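What follows is a set of notes on a single structure, which appears directly below.
Predicted model only: the values in this text are computed from it and were never measured.
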Amino acid sequence: MLPFFSRGKPANATINGRTIAVLPRETLLTAALRNGMAFPHGCRVGGCAGCKCRLVQGRVRQLRSASYILSDQDLDAGCILACQSVPHGDVRIEVDMAAAARRSRARVLSREPLTHDIVRLRVQLEEALPYRAGQFAMLAFDALPGVERSYSFASPAAPDGQALFFIRQVPGGVFSSFVHGEVLAGEPLSVTGPLGDFWLRPGAAPLLMVAGGSGLAPVLAMLAERLGERDARPVALLLGARTQQDLYEQEAIAGLQAQWQGAFTYRPVLSAEPCGSGWPGARGLVADFVAEHDARNADAYLCGPPAMVDAVQRRLLALGAAPARIRADRFTTLNEAPAV
């Protein structure tokens with residue numbers, strides 16, 4: 001068993017050939033950023049895989065198991081999360097620096113309510129960011145110094161530099177309370193991205209998309225992006241929500257369904273809809289309806305609250321889905337540890 005930290009001694013980390021000092025109890029990501037390296041990263045809490053890198057030599061202590069977010073192929077290749085890895089002695093790391101994010105200044109164009117606790121934020125970027133639909137960015141308002149939060153792009157990259165984000169109100173959340181409570185038109189902010197590896201891979205297999213809450217944002221962006229490419233793969237979209245009032249972007253989903261080149265099925269599933277409301281659709285947990293689809297042959301994309309994503313992933317694996325064909329983005333807040 002390795003000691004939790006490096007016994008109070010600094011270690012050296014060689015990252016893509018450059019050697020930096022890592023202080024006792026310091027993660028690889030913190031050390032890299034402290035030394036001015038443009039190390040790719042996102043949430044900093046082990047929930048996004050934005051800081052994925054390969055451990056070529058040496059050993060690390062992982063503050064949180066990387067198996068929660070990395071694929072079996074990544075783990076077999078020696079990949080780790082830099083934000084959760086404290087070196088045990090000297091290490092050598094390789095990372096794709098081309099994935100490093102860029103920062104663009106931006107301003108808010110509009111804020112539109114979607115549900116009682118989710119708004120659509122439209123921003124104008126001064127410099128268009130070359131992101132893939134499904135990835136996310138770090139947003140920081142000038143009016144909230146030192147406060148930065150990650151949100152998925154809710155629309156494909158556009159030449160005019162406009163981008164959409166869905167912002168859910170988090171009880172007590174400084175950032176989300178500001179977005180929901182202030183007059184935002186014209187408000188300046190910084191947008192740093194792209195981040196994350198949650199994006200639609202090319203292929204011909206049917207797509208099983210499962211979203212919950214504001215996790216619909218990257219799913220809509222991915223489908224809209226592929227619609228422009230005239231994708232004809234069969235699509236099944238499952239959306240988990242509590243009540244009818246929590247459903248949103250239904251017209252957008254209907255538009256995608258109508259224009260999709262192949263089969264497109266959509267099923268919203270409500271977990272807390274009152275009895276007698278007249279709701280004619282599915283009730284229960286969204287994971288309960290995964291078995292209606294061919295999990296063995298589909299490429300699955302899951303996004304939303306960690307508990308929902310984990311339940312759906314367990315169900316898919318039980319149905320014989322290959323782990324390599326399941327991709328997930330768990331919406332974990334800075335003060336919320338992933339479930340393991």
E94/R54 ion pair, N-O < 4.0 Å: yes
Can you spot which of D90, N12, N35, T14 makes a side-chain hydrogen bond (donor to acceptor under 3.5 Å, both in side chains) with T19? T14
Atom CG of L256 and atom CE of M222: how far apart are they, to the nearest 0.5 Å? 12.0 Å
Would you call D310 and R315 a salt bridge, taking side-chain N to carboxylate O under 4.0 Å as the test? no
Within the structure provided, determine whether F198 and F136 are in side-chain contact (heavy-atom separation under 4.5 Å). no
Hey, do the aromatic rings of Y151 and F175 have their centres closer than 6.0 Å? yes
Could you check whether any side-chain heavy atom of C51 comes within less than 4.5 Å of a side-chain heavy atom of F39, counting everything from C-beta outward? yes
Does the side chain to side chain donor-acceptor pair (under 3.5 Å) test come out yes or no for R107 and Q124, once each step is laid out? CA-CA 5 Å; R107 59 185 173 85; Q124 177 65 59; 5.4 Å; no
Heavy-atom check, side chain of L239 versus side chain of L247, under 4.5 Å: yes
Can you name the closest pair of heavy atoms from A82 and C53 and give their distance? CB-SG, 4.1 Å
Check the angle between the aromatic planes of Y131 and F153 and answer parallel, tilted or perpendicular using the 30° and 60° thresholds. parallel
Can you tell me if CZ on R283 sees more than 12 non-hydrogen neighbours from other groups inside 6.0 Å? yes
Verify salt bridge (charged side-chain N to carboxylate O under 4.0 Å, His left out) between R105 and D142, making sure each step is shown before the conclusion. CA-CA 10 Å; R105 293 293 295 163; D142 293 8; 2.6 Å; yes
Take R111 and E182, measure what salt bridge (charged side-chain N to carboxylate O under 4.0 Å, His left out) needs, and give me the verdict at the end. CA-CA 10 Å; R111 178 194 60 198; E182 299 295 326; over 6 Å; no
Is the closest basic N to carboxylate O distance between E292 and R267 below 4.0 Å? yes
Residues Q169, S177; criterion side chain to side chain donor-acceptor pair (under 3.5 Å); working and verdict: CA-CA 6 Å; Q169 174 71 69; S177 295; 3.0 Å; yes
Do the side chains of L63 and T27 get nearer than 4.5 Å, heavy atoms only? yes
Are R102 and E127 close enough, and set up right, to give a salt bridge (charged side-chain N to carboxylate O under 4.0 Å, His left out), and what steps lead you there? CA-CA 9 Å; R102 304 203 314 243; E127 178 189 2; 3.0 Å; yes
Non-hydrogen side-chain atoms of V191 and M138 separated by less than 4.5 Å: no
Salt bridge (charged side-chain N to carboxylate O under 4.0 Å, His left out) between R34 and E26: does it pass, once the steps are laid out? CA-CA 10 Å; R34 179 174 55 78; E26 191 174 37; 2.8 Å; yes
In this structure, are over 12 heavy atoms from other groups packed under 6.0 Å from R201 atom CZ? yes
Looking at D231 and R233, does any basic side-chain N land under 4.0 Å from a carboxylate oxygen? yes
